[in-house]
Amino acid sequence: MNPILLTADTLTNKAYLDIANTPMMWVMVIPTVIMVCIQAYVFIQDAVKAGPIVGLTKQDTKEAMRAGAICSIGPGLSMFTVMIALMSILGGPFAWLRLSIIGTITTEMLSATAAATAMGVDLGSPDYGITAFSCAVWVITLNTWGFFIVNLLFAHRMEKVKMAVERHDANMFDAVGLCVMIGCVAMFLAGQMVGGTGKFVAAIAGFIIMTILVLVSDKYPKLKEYNLGLAMLAAIFIAQFVVQMGG
């Protein structure tokens, strides 16, 4: 790690979490989460008003809302599971904020890892302190702005682009998006796997467990929402067990 950063950053060994979990941090994130809730309420109201336009009765609308509420329980529990991992690194307030906005731990962990790498430390390592945490907050937040700007400038044009591409290959659009995600995950995973036995075992165990869960969830579709959280937790426990046995 950079000696200058070591001198400046004294809140290492998880000491930075005392700041990351302060009441002031909760106060700072609550307004944004409230705005997300208001936005969801406005969308629901507009959907209810649009029901008669597309031929839905009030009963149809109620049944659709009830089905949506029930179906959201699974993803909600899955999100709570993976949020535990993010809270252990970024603290409760910021983890709650980010998953309320983006809703995917993959994006957030990739950004947090990139921030830690820029600071010359490993994500969650003993050297990871308030400086790296602050960098992660900025990187993750600015990463969101990329989505906003692209959507603002190009979202209304993408349907035409998609139609033009699909005239030549119906699967091209989906394939490109999948390849980009695989490439990003593979790049960050490769960097972590050389960080010691524990990280290598966690990566291999996570891959094997996730593969098994994907195959099982083909038969039990309701399990799909929990796959990522279960694979992460199982890989963490397996890696910790291997490290303890080896130590």
Revision key, fill the gap. Correct closest heavy-atom pair for S111 and N143 would be OG-ND2, 3.3 Å
Review point. Listed by chain and number, what are the side-chain contact (heavy atoms from CB on, under 4.5 Å) partners of I238, not counting sequence neighbours?
Key: V201, A205, I209, V242
Review point. Counting heavy atoms not belonging to K14, are there more than 12 under 6.0 Å from its NZ?
Key: yes
Review point. Linking Ile, Leu, Val, Met, Phe, Trp and Tyr by side-chain heavy atoms under 4.5 Å, what else ends up with L178?
Key: I182
Tabulate below the donor-acceptor pairs under 3.5 Å that side-chain atoms of residues 112-120 make, not counting sequence neighbours, or state none.
from	atom 1	to	atom 2	distance (Å)
T113	OG1	M109	O	2.7
T117	OG1	T113	O	2.9

Exercise for review: Please list all pairs passing the ring pair (Phe, Tyr, Trp, His ring centres under 6.0 Å) test where one or both residues lie in residues 17-54, with sequence neighbours left out.
Suggested key: W26-W96
Practice item. Could I get the full list of side-chain hydrogen bond (donor to acceptor under 3.5 Å, both in side chains) partners for T61, not counting sequence neighbours? Key: none
Point to revise | Connected-component partners of I236 among ILVMFWY, side-chain separation under 4.5 Å | key: none
**Study point:** Candidate list V137, T131, I130, test side chain to side chain contact (heavy atoms under 4.5 Å, CB included), partner S134, passing option
**Key:** I130
Check your understanding: With sequence neighbours left out, what residues match V27 under side-chain contact (heavy atoms from CB on, under 4.5 Å)?
Key -> M24
**Study point:** Whether T22 side chain and I19 backbone form a donor-acceptor pair below 3.5 Å
**Key:** yes
Study note, to complete from the structure: Sorted by chain and residue number, the side-chain contact (heavy atoms from CB on, under 4.5 Å) partners of I38 (sequence neighbours excluded) come out as I34, M35, V42
Check your understanding: Under the side-chain hydrogen bond (donor to acceptor under 3.5 Å, both in side chains) test, which residues partner Q59, sequence neighbours left out?
Key -> E63
**Study point:** S217: side-chain hydrogen bond (donor to acceptor under 3.5 Å, both in side chains) partners, not counting sequence neighbours
**Key:** N227
Review point. Partners of D174 by side-chain hydrogen bond (donor to acceptor under 3.5 Å, both in side chains), sequence neighbours excluded?
Key: none
Review point. What is the distance from atom CE of M65 to atom NZ of K62, rounded to the nearest 0.5 Å?
Key: 10.0 Å
Check your understanding: To which residues is L56 joined in a hydrophobic cluster, defined by side-chain heavy-atom contacts under 4.5 Å among Ile, Leu, Val, Met, Phe, Trp and Tyr, whether direct or through other members?
Key -> V54
Exercise for review: State the CG-CG distance between L110 and L189, to the nearest 0.5 angstrom.
Suggested key: 10.0 Å
